[in-house]
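Heavy-atom basis, side chains included; hydrogens, waters and symmetry copies ignored. Nothing here was measured: the structure is a model prediction, and the numbers come from that model.
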Amino acid sequence: MPLALLALAIGAFGIGTTEFVIMGLLPEVAADFQVSIPTAGFLVTGYALGVVLGAPLMTVLGTRVTRKRMLMILMGLFVIGNVVSATAPVFDVMLAGRVIASLAHGAFFGIGSVVAADLVAPHKKAGAIAMMFTGLTVANVVGVPLGTYIGQSVGWRATFFAVAALGVIGLLGVAGLVPDQPRAEGVRLRHELAAFRNVQVLLAMAMTVLGFGGVFAAITYITPMMTEIAGYSASSVTWLLVLFGLGMVGGNLLGGKFADRHLMPLLYVSLGALVVVLSLFTLTAHNKVAAAVTIVLIGGLGFATVPPLQKRVLDQAAGAPTLASAVNIGAFNLGNALSAWLGGVVIAAGLGYTAPNWVGAVLAASALVLAVVSSTLERRTATRSRLVATHIPEPAAVPAAQH
């Protein structure tokens, strides 16, 4: 794998850290700004919405510059946003900093996926994408726990200064290691938007929303589930999230390895197994050991879908993949927001802290259905293409009997 992928992974590590570390620092931030925990939660919601909106916006703005230059601009924006958050005198300014940083998220992963795929041979594209996303998954194993520890020990502002420093390293890495490929000629916004007329692109994005939403329906409420149902102490949740992160790393690497050769079968297996595991989590959540094992499996199966889904969008949007790739990153965050809301609805309805697992299972099952539909449509299209290419007319319909 080219060394340039390391620079992309470092940028992904910083972005992954800043996205998730705020969840462990909400009490400190709320106390500092003298706001409630629910109000501080807007720092999570605002970031997610910024990703959804920023992915297409920043990608469109970057259509007139090279991808390398746009990646550098995005990392610069990321650094600025985290510095604004670290130095914010009032809550509203910190929220603005979070939104500024989030604008870089979707476009960085979207453009980065295209760059990573272009750096390697066609049969290694999914592996290259997975290598970049390894930075995001490792962030959940190392960056988030370390950032939470720094924030709780030294102060939450130190965490965001550290994340900004990671952004600077990522920016320098992109500048020094990513090749300065010429901007693709003839590619305009009209070409990028045309990809969204492809039903396979839309189906892949819908699978992203529902499949990854299934994961976060359960993980969003992991703290009350593990403390109230499994019997873990609050301090144990940190290492349980580390286990989740380890599962993410393993699933991401396995997904990248097999997606290049068996993309759709990999989606069938990972989504199907995710449905089963999320359903069983309603039972295993009552046992400490079983719950810990289930959390690892959810992380692994969930992230095993990331490289194949991202590659499928790139394949189906061939010729103008940048905007579609970035929007698909926004789809992951849309799935997070949707599943978190639905999980909250079933808890508020009095169905208990394990109820979001059923929500996740239904979402993952819906993604599996869409995967089957997508594959079926693709086979029918391929069959028609072969018939046309060989000049063999399709069978005519049998006329109805006349009376």
* **Beyond-backbone contact of Val114 with Asp118, side-chain heavy atoms, under 4.5 angstrom** => yes
* Asked: Looking only at heavy atoms, which two atoms of Ala12 and Phe108 are closest? And how far apart?
  -> N-CE2, 3.8 Å
* **Value rounded to 0.5 Å, distance of CD1 in Ile100 from CG in Leu95** => 10.0 Å
* Structure fact -> For Leu119 and Ala4, the nearest pair of non-hydrogen atoms, with its separation, is CD1-CB, 3.8 Å
* Structure fact -> Gly106 and Ala55 have their tightest heavy-atom pair at CA-CB, 3.9 Å
* Asked: If only atom types and distance count, is the side chain of Thr18 paired as donor or acceptor with the main-chain N or O of Gly14 below 3.5 Å?
  -> no
* Structure fact -> In this structure, CG of Leu43 is separated from CG of Leu25 (nearest 0.5 Å) by 10.5 Å
* Which salt bridge (charged side-chain N to carboxylate O under 4.0 Å, His left out) pairs, counting each pair once, include a residue from residues 146-170, with sequence neighbours left out? -> Asp32-Arg157
* Note, Lys68 side chain near Val115 side chain (heavy atom, < 4.5 Å) -> no
* Quick one: are Arg98 and Phe160 in side-chain contact, heavy atoms under 4.5 Å? -> yes
* Carefully, step by step, assess Phe281 and Ile295 under the rule side chain to side chain contact (heavy atoms under 4.5 Å, CB included). => CA-CA 8 Å; Phe281 200 20; Ile295 288 171; 3.9 Å; yes
* To do: For Arg379 and Ser374, indicate whether the former's side chain and the latter's backbone hold a donor-acceptor pair under 3.5 Å.
  => no
* Pairs meeting criterion ring pair (Phe, Tyr, Trp, His ring centres under 6.0 Å) with involvement of residues 44-77, two or more places apart -> Tyr47-His105
* Asked: So do Thr354 and Ile229 actually touch side chain to side chain, heavy atoms under 4.5 Å?
  -> yes
* Test side chain to side chain contact (heavy atoms under 4.5 Å, CB included) applied to Leu280 and Thr294, step by step -> CA-CA 8 Å; Leu280 289 176; Thr294 306; 5.9 Å; no
* Asked: Under the side-chain hydrogen bond (donor to acceptor under 3.5 Å, both in side chains) test, which residues partner Ser113, sequence neighbours left out?
  -> Gln310
* Residue pairs passing the ring pair (Phe, Tyr, Trp, His ring centres under 6.0 Å) test where at least one lies in residues 60-85, sequence neighbours excluded -> none
* Using the test salt bridge (charged side-chain N to carboxylate O under 4.0 Å, His left out), find all partners of Glu378 that sit at least two apart in sequence or belong to another chain. => Arg312
Table please: side-chain donor-acceptor pairs of residues 262-279 below 3.5 Å, with sequence neighbours left out.
unit_1, atom_1, unit_2, atom_2, d
Tyr268, OH, Ser375, OG, 3.0
Ser270, OG, Leu266, O, 2.8
Ser270, OG, Leu267, O, 3.4
Ser279, OG, Val275, O, 2.8

* **With sequence neighbours excluded, residues passing side-chain hydrogen bond (donor to acceptor under 3.5 Å, both in side chains) with Ser153** => none
* Asked: Less than 6.0 Å separating the ring centroids of Phe212 and Phe303?
  -> yes
* Asked: How many angstroms lie between atom CG of Leu297 and atom OG1 of Thr284, to the nearest 0.5 angstrom?
  -> 9.0 Å
* Test log, rule side chain to side chain contact (heavy atoms under 4.5 Å, CB included), inputs Val293 and Val296 -> CA-CA 5 Å; Val293 172; Val296 175; 5.8 Å; no
* Asked: What pair of heavy atoms forms the shortest contact from Met94 to Ile22, and how long is it?
  -> CE-CD1, 4.1 Å
* CG-CE distance between Leu210 and Met205, expressed to the nearest 0.5 angstrom -> 13.5 Å
* **Minimum heavy-atom distance between Gly167 and Val79, given as atom pair plus value** => C-CG2, 3.5 Å
* Asked: Counting N and O atoms only, with roles assigned by atom type, does the side chain of Thr159 sit under 3.5 Å from a partner on the main chain of Gly151, one being a donor and the other an acceptor?
  -> yes
* Structure fact -> On a heavy-atom basis, the closest approach of Pro356 and Val346 is N-CG2, 3.9 Å
* To do: Assess the side chains of Asn357 and Thr282: does a donor N or O sit below 3.5 Å from an acceptor N or O?
  => no
* To do: Look at the side chain of Tyr353 and the backbone N and O of Tyr221, then say whether any donor-acceptor pair between them is shorter than 3.5 Å.
  => no
* **pair Met58-Leu77: side-chain heavy atoms closer than 4.5 Å** => yes
Under 3.5 Å, which donor-acceptor pairs do the side chains of residues 168-178 form with other protein atoms, sequence neighbours left out?
none

* **Those residues that, when tested against Ser85, pass side-chain hydrogen bond (donor to acceptor under 3.5 Å, both in side chains) (two or more places apart)** => none
* Structure fact -> Taken in chain and number order and not counting sequence neighbours, the residues that satisfy ring-ring contact (aromatic ring centres under 6.0 Å, His included) with Tyr232 are Trp239
* To do: Please identify each residue that fulfils ring-ring contact (aromatic ring centres under 6.0 Å, His included) with Phe13, with sequence neighbours left out.
  => none
* To do: Report the distance from atom CG of Leu8 to atom CG of Leu136, rounding to the nearest 0.5 Å.
  => 13.0 Å
* **Met75/Leu71 under side chain to side chain contact (heavy atoms under 4.5 Å, CB included): CA gap, chis, key distance, verdict** => CA-CA 6 Å; Met75 288 311 300; Leu71 287 172; 5.7 Å; no
* Side-chain donor-acceptor pair present, Thr134, Thr137, cut-off under 3.5 Å -> no
* Asked: Are Ser339 and Leu363 side-chain neighbours, meaning at least one heavy-atom pair lies under 4.5 Å?
  -> yes
Can you give me every donor-acceptor pair (side chain of residues 143-150, partner residue at least two apart or in another chain, under 3.5 Å) with its distance?
unit_1, atom_1, unit_2, atom_2, d
Thr148, OG1, Val144, O, 2.8

* Without swapping roles, check the side chain of Asn328 against the backbone of Ala331 for a donor-acceptor pair under 3.5 Å. => no
* Are any non-hydrogen side-chain atoms of Val93 and Pro89 less than 4.5 angstrom apart? -> yes
* To do: Drop me the distance from Asn333's CG to Glu19's CD, to the nearest 0.5 angstrom.
  => 5.0 Å
